[in-house]
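Naming: A, B, ... by sequence-line order, numbering from 1 per chain.
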Amino acid sequence: MSPGALLAVVRAPGGLGLADGERSWAVAASGVDAAAAALDRLERERSPRWVWWSAAEVLGALQAAGSPPRPARAWDLAAVHRLLEGGHDDGPAAVRAAAAGLDPARAPVPGQLDLGGTPDGGEVAAAGPAAAGDGDGPVRPDGHLSPDWVDGAWADSPARAARWAAVALETARLQERRLRAVAPAPAPAGGPRSTGGPSGTAGASGDPVQTAWSESAAAVLAVELAHGGLPLDAAEAARVVEGVVGPRPRDEAEAARQRAARDAPVLAALGVPDGALVRHDGGAGAPGSPVDLRSPAQVRRALHDVGLDLPDTRSWRLEGLAAEDGAHPALGALVAWRRAERFAVAHGYRWLDEAVRDGRLRAAWSASDGGAGRMTASAGLHNLPRELRVAVRAEPGRLLVRADLGQVEPRVLAVVSGDRALARAADADDLYSPVAARLGVAREVAKVAVLAAMYGQTSGAAGATLAAMERAYPVATGFLVDAARRGAAGEDVRTAGGRRVRVPAVEEVPVEAGAAAVDRERAARAARGRYARNAVVQGSAAELFKAWAATVRARLLASGDGEVVLCLHDELLLHVREDAAQDVAAGLARDLEAASARWCRAVARPPVRFTADVAVVERWSQAKG
DNA sequence: GACTCTACGTA
DNA sequence: CGTACGTAGAGTCA
């Protein structure tokens with residue numbers, strides 16, 4: 001077996017089911033440690049590209065092993081399915097149906113009785129070892145997976161586990177064929193407009209399989225991030241929380257008193273009598289509770305009663321008014337109250353107790369959630385307030401290496417659109433400087449215009465500069481306009497790496513429905529347009545980021561210098577051995593060069609320069625931010 | 001109990 | 001009438 005050859009694995013109670021290009025077999029391994037050891041041995045002997053229905057399914061439980069496996073290469077069927085199809089159902093039945101080109105509506109849903117089994121009209125069952133069979137095999141005559149097997153019958157015996165692995169292997173091959181079929185062609189030199197299909201153009205070039213590899217690596221990373229967690233000094237975090245929301249209450253009664261004490265000055269400023277008596281135990285419309293500050297509607301009414309008629313009570317609006325001369329004192333009080341309340345609710349003591357264990361902040365990770373395929377995390381990890389970053393701290397003998405991509409979205413726009421002028425601007429450390437020179441405006445104006453183009457903003461100061469953008473960078477702006485047009489029309493779009501971003505259709509409204517309904521429809525189409533316009537950039541940036549993260553993970557794996565502990569859209573945080581930190585930091589830039597060059601080739605676009613800001617620190621807060 | 005709305009932290 | 005996400009509480013409907 002050559003390194004990188006596909007090797008499918010499933011984990012059953014008694015051991016592993018395995019399949020490579022030649023045969024399928026089972027390895028007995030009862031218990032987490034034995035399974036981890038068996039996987040690890042195969043990793044060392046064969047250096048395969050592991051095929052699994054999902055990294056979480058195989059690796060999740062094995063993270064608890066004394067020596068968890070650290071696979072270098074993977075083909076994650078669920079991750080590749082999400083790449084190809086979008087959507088959320090990435091279980092084996094949906095994955096197999098899509099890979100085999102079958103109607104997903106006919107795929108078995110877990111727990112469903114098998115009422116099907118006869119071939120769909122005109123559809124041909126996939127050939128191969130998995131389909132060969134007895135009437136009780138994993139693949140039905142119509143090509144869909146058998147509901148029994150989807151529901152877990154594959155785990156009943158070692159022989160069945162081996163067959164299930166063979167199905168996984170075959171499904172990976174089917175996915176690879178489909179990937180090549182949807183791969184976007186290079187952006188035409190003459191302009192961005194293209195025809196046909198959500199990808200814009202069909203036809204293989206570049207190397208779409210690379211996206212499958214890095215997305216699969218990100219799925220492995222997600223499992224490791226969920227298990228490893230982010231090093232967090234709980235005592236330091238508690239100090240930060242105390243500074244914002246006050247001391248930790250000993251019981252619910254004390255918590256209620258503290259809440260009332262926080263509310264009192266704001267209620268007084270609003271002229272609400274007897275604020276200290278207000279109940280805040282969750283009861284709506286509590287008696288004797290004239291204003292619940294946690295209710296935006298009640299706050300709005302209270303502000304109206306003191307002469308402030310506002311469309312909403314969002315902080316930025318209150319802050320703006322509070323800064324004016326002669327502002328009502330309630331405004332400033334309310335802004336300060338909101339900040340503390342927000343902190344207490346989202347990142348207060350409850351969060352500390354639930355999310356932090358053994359000095360680690362742990363969250364559930366997804367490698368490609370959301371329409372555009374960004375990584376997501378739970379437990380408030382991706383919206384950790386800056387004040388708390390001081391508590392994200394390397395353990396003794398270790399340091400943090402933090403790196404974030406510079407101006408990643410406009411650089412990605414240069415790649416995906418194939419705009420040569422924007423690509424030249426990306427040669428500069430600060431992309432906005434050459435753009436500003438070309439547009440003949442100040443740097444800040446240029447920056448706003450570029451961002452406005454990518455977000456679909458039409459109002460405000462960016463408007464005038466947008467026209468200059470269109471003249472100076474017609475390929476890039478044309479690409480964005482085209483994506484917005486597709487989105488507004490309800491067509492799906494694809495990222496550079498071929499990720500399908502589903503755009504929900506807008507319900508058509510007859511003219512008779514009235515002007516308001518017609519306006520709503522137009523607004524909904526515009527929103528879809530902005531969504532699609534942004535998704536092709538944001539989603540492509542997510543792919544580049546994951547390619548980088550996968551490269552970094554691979555190097556850390558080989559060196560044993562440390563681990564990735566956080567992925568934050570364009571930022572990586574590594575927890576590494578103190579003596580290796582400088583080497584790791586230097587390697588991050590090289591990894592970015594390698595990953596971005598590979599990514600540009602893979603998506604069949606001219607190379608564009610990417611930059612990263614790298615720092616070695618003890619606390620996350622010490623890095624620029 | 002499931003859902004929507006408002007709000008707000010991060011990128 | 002600038003994108004995405006996760007999360008929470010109030011409020012609504014059943």
For atom [atom1] of [X] and atom [atom2] of [N], their distance in whole Å:
X: A:Leu334; N: B:dA7; atom1: CG; atom2: P; value: 11 Å
X: A:Asn383; N: C:dT7; atom1: CG; atom2: C1'; value: 7 Å
X: A:Asp292; N: C:dA8; atom1: CG; atom2: P; value: 18 Å
X: A:Asn534; N: B:dA11; atom1: CG; atom2: C1'; value: 11 Å
X: A:Asp570; N: C:dA4; atom1: CG; atom2: P; value: 17 Å
X: A:Gln298; N: C:dG9; atom1: CD; atom2: C1'; value: 12 Å
X: A:Arg350; N: C:dT7; atom1: CZ; atom2: P; value: 12 Å
X: A:Leu466; N: C:dG2; atom1: CG; atom2: C1'; value: 11 Å

It should be established whether A:Thr313 places a side-chain nitrogen or oxygen under 4.0 Å from OP1 or OP2 of nucleotide B:dA7. yes
Side-chain N,O (A:Arg520) to OP1/OP2 (C:dC1) below 4.0 Å: no
A:Asp430 with A:Lys447: basic N within carboxylate O range, under 4.0 Å: no
Before accepting this row, confirm whether a basic side-chain N of the pair A:Glu236/A:Arg239 lies closer than 4.0 Å to the acidic partner's carboxylate O. yes
Determine whether the side chains of A:Ser368 and A:Glu215 contain a donor N or O and an acceptor N or O closer than 3.5 Å. no
Is it the case that the side chains of A:Arg342 and A:Ser315 hold a donor-acceptor pair, with the cut-off being a distance below 3.5 Å and no angle test? no
Apply the side chain to side chain donor-acceptor pair (under 3.5 Å) test between A:Glu491 and each candidate in A:Arg528, A:Arg502, A:Arg486; give the one that qualifies. A:Arg486
Tell me whether A:Arg374 forms a cation-pi arrangement with A:Phe545, defined as NZ or CZ under 6.0 Å from the six-membered ring centre and within 45 degrees of its axis. no
Nucleotide forming a Watson-Crick or wobble pair with C:dC13, both distances under 3.5 Å: B:dG1
Applying the 3.5 Å cut-off to both distances, the Watson-Crick or G-U partner of C:dC1 turns out to be none
Output the single nucleotide from [options] whose closest atom is nearest the side chain of [X].
X: A:Ser295; options: C:dC5, C:dT7, C:dA10; value: C:dA10
X: A:Arg314; options: B:dT6, C:dC5, C:dA4; value: B:dT6
X: A:Arg294; options: C:dG9, B:dG9, C:dT3; value: C:dG9
X: A:Val345; options: C:dA8, C:dT3, C:dG6; value: C:dA8

Taking atom C1' in both C:dG2 and B:dT4, what distance in whole Å separates the two? 23 Å
Students often get this wrong, so: under 4.0 angstrom with heavy atoms, is [X] touching a base, only sugar-phosphate, or nothing?
X: A:Arg338; answer: sugar-phosphate
X: A:Ala297; answer: nothing
X: A:Arg530; answer: sugar-phosphate
X: A:Ala535; answer: nothing

Regarding C:dC5, can its base be found pairing with the side chain of A:Arg374 as donor and acceptor, where the two atoms are less than 3.5 Å apart? no
